[in-house]
Amino acid sequence: MIQSSVSITNELGLHLRAAARLVVLANQYAASVKISANGKTVDGKSLLGITSLLAKKGTVITITADGEGEQEAVDQLSALVQKGFPTTP
């Protein structure tokens with residue numbers, strides 16, 4: 001199991017479009033992915049779950065992955081958050 005904590009940097013926080021980008025990326029990996037914030041942990045492959053975290057700019061989220069590709073999954077998801085969910089890779 002691998003985990004990383006990152007701060008939401010974009011102005012709109014973890015809004016629907018940003019959450020969708022996380023879900024699409026997380027679903028590229030076989031590892032199970034969990035996202036935690038504000039005392040709540042949700043499935044990182046669930047759009048509804050991620051948006052329910054209500055993570056605003058400055059919120060620290062913890063990304064955890066367990067299974068095949070866990071290190072790459074955490075690295076790529078963390079990078080996406082740190083870059084502010086850019087529209088182009």
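Since the model is a prediction, treat every value here as computed from it, not as a measurement.
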Side chain to side chain contact (heavy atoms under 4.5 Å, CB included) involving D66 - partner list, sequence neighbours excluded: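 In terms of side chain to side chain contact (heavy atoms under 4.5 Å, CB included), with neighbours along the sequence ignored, D66 is linked to M1, S32, E70.
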Test salt bridge (Lys or Arg N to Asp or Glu O under 4.0 Å) applied to K57 - qualifying residues, sequence neighbours left out: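 For K57, the residues satisfying salt bridge (Lys or Arg N to Asp or Glu O under 4.0 Å) (neighbours in sequence not counted) are E11.
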Distance (rounded to the nearest 0.5 Å) between S4 OG and Q82 CD: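 That separation rounds to 6.5 Å.
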Any E72 side-chain heavy atom under 4.5 Å of D75 side chain: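 No, too far: nothing below the 4.5 Å cut-off.
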Remaining members of the apolar cluster that contains V60, side-chain heavy atoms under 4.5 Å: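 Cluster partners of V60: none, it stands alone.
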Side-chain cluster (under 4.5 Å, hydrophobic types only) that V23 belongs to, other residues: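 In the cluster with V23 are I2, V6, I8, L14, L16, L22, L25, Y29, V33, I35, V42, L47, I50, L53, I61, I63, V74, L77, L80, V81, F85.
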Contact summary for A31 and G69, nearest pair of heavy atoms: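 Minimum heavy-atom separation between A31 and G69: CB-C, 4.4 Å.
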Which residues pass the side-chain hydrogen bond (donor to acceptor under 3.5 Å, both in side chains) test with [X], sequence neighbours left out?
| X | value |
| --- | --- |
| N10 | none |
| S46 | none |
| T51 | none |
| T41 | S36 |

Within 6.0 angstrom of Q28 CD, more than 12 heavy atoms from elsewhere: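 Yes, CD of Q28 has more than 12 neighbouring heavy atoms, counting only those of other groups under 6.0 Å.
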Within residues 38-50 or reaching into it, pairs that qualify as salt bridge (charged side-chain N to carboxylate O under 4.0 Å, His left out) - sequence neighbours excluded: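 Sorted result for residues 38-50: empty, none.
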